[in-house]
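Sequential numbering from 1 along the given sequence is applied to the chain's residues.
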Amino acid sequence: MLRHIVMFNWKPEVTEEQINAVAKGFAHLAEVIDVVIEMKFGKNLAIMDGCFDYAMSADFESADDWMTYRNHPEHIKFATNFASLASETARIQFWLI
């Protein structure tokens with residue numbers, strides 16, 4: 001199984017309403033893109049310094065399924081709508097072993 005993780009730092013002007021819209025957007029992606037096995041997302045708990053503000057992880061059966069997700073029109077629409085809210089983004093994909 002492939003896990004895809006994205007972490008964000010928000011720009012200072014990003015509002016709670018916008019962050020809630022991102023959460024709704026992730027939930028929508030998990031519902032409408034059938035290759036997503038599981039998706040989890042949420043705010044940093046601020047237990048320690050130096051962490052990102054928000055993260056999402058999603059599991060896929062294969063790299064092809066992840067590419068299907070990445071290129072899906074709903075994902076592209078989501079990224080177009082929300083990418084500008086982040087001041088910094090980190091991504092990784094890895095095989096679960």
Side-chain angles (χ1 to χ4, degrees):
M1 187 175 310
L2 182 146
R3 179 155 293 162
H4 168 63
I5 298 175
V6 181
M7 298 180 298
F8 307 95
N9 278 326
W10 303 121
K11 291 179 179 175
E13 64 272 15
V14 171
T15 67
E16 199 66 29
E17 182 178 286
Q18 289 170 307
I19 295 169
N20 291 337
V22 169
K24 288 178 185 175
F26 279 134
H28 176 72
L29 294 179
E31 285 180 24
V32 301
I33 303 176
D34 64 354
V35 296
V36 176
I37 294 171
E38 183 173 45
M39 183 181 286
K40 303 288 186 181
F41 46 88
K43 296 178 191 178
N44 177 33
L45 299 176
I47 295 170
M48 64 180 281
D49 293 336
C51 296
F52 281 82
D53 296 329
Y54 200 92
M56 181 281 288
S57 71
D59 294 337
F60 303 90
E61 203 55 47
S62 67
D64 285 342
D65 284 353
W66 175 76
M67 289 296 291
T68 296
Y69 164 81
R70 181 177 175 240
N71 296 322
H72 193 283
E74 288 295 318
H75 177 259
I76 293 168
K77 179 179 170 185
F78 171 86
T80 300
N81 288 337
F82 295 111
S84 66
L85 301 178
S87 63
E88 183 178 14
T89 305
R91 296 171 190 83
I92 188 171
Q93 299 80 40
F94 60 94
W95 294 110
L96 295 178
I97 53 173

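From E88, atom CD reaches atom CE of M7 across 8.5 Å, with rounding to the nearest 0.5 Å. With rounding to the nearest 0.5 angstrom, the CD atom of E13 is 8.0 Å from the CD atom of Q18. To the nearest 0.5 Å, atoms CD1 (I92) and CZ (R3) are separated by 11.5 Å. Atom-to-atom distance recorded for N44:CG and D53:CG is 7.0 Å, nearest 0.5 angstrom. In this structure, CG on L2 lies 7.5 Å from CG on L96, to the nearest 0.5 angstrom. Rounding to the nearest 0.5 Å gives a distance of 11.0 Å between NE2 of H4 and CG of D59.
Minimum heavy-atom separation, H72 to E74: ND1-N, 3.0 Å. C51 approaches M48 most closely through the heavy-atom pair SG-CG, 3.5 Å. For D65 against E61, the heavy-atom pair with the smallest separation is OD2-CB, 3.3 Å. Shown here for A30 and M39, the closest heavy-atom pair between the two residues is CB-CB, 3.9 Å.
Transitive grouping of hydrophobic side chains (ILVMFWY, heavy atoms separated by less than 4.5 Å) brings V32 and Y69 into a common cluster. By the rule that hydrophobic residues join a cluster once side-chain heavy atoms approach within less than 4.5 Å of another member, I37 and M67 end up as members of separate clusters. If you chain together hydrophobic residues whose side chains sit under 4.5 Å apart, W95 and W66 fall into the same group. F52 and W10 are members of different hydrophobic clusters when ILVMFWY side chains are connected at heavy-atom separations under 4.5 Å.
No side-chain heavy atom of F26 sits less than 4.5 Å from a side-chain heavy atom of V6. Proximity of I76 to F78: side-chain heavy atoms (C-beta onward) are nowhere separated by under 4.5 Å. In this structure the side chain of I5 reaches within 4.5 angstrom of the side chain of F94, judged on heavy atoms. Put simply, the side chain of F60 does not reach to within 4.5 Å of the side chain of Q93, judged on heavy atoms.
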| Stepwise side-chain contact (heavy atoms from CB on, under 4.5 Å) test for F8 and T89 | CA-CA 5 Å; F8 307 95; T89 305; 3.9 Å; yes

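A distance-only check finds a donor-acceptor pair linking the side chain of H75 to the backbone of R70 [under 3.5 Å].
For K11, the NZ atom sits in a packed shell: over 12 heavy atoms of surrounding residues, nucleotides or ligands are nearer than 6.0 Å. Within 6.0 Å of CD on E17 lie no more than 12 heavy atoms contributed by other residues, nucleotides or ligands.
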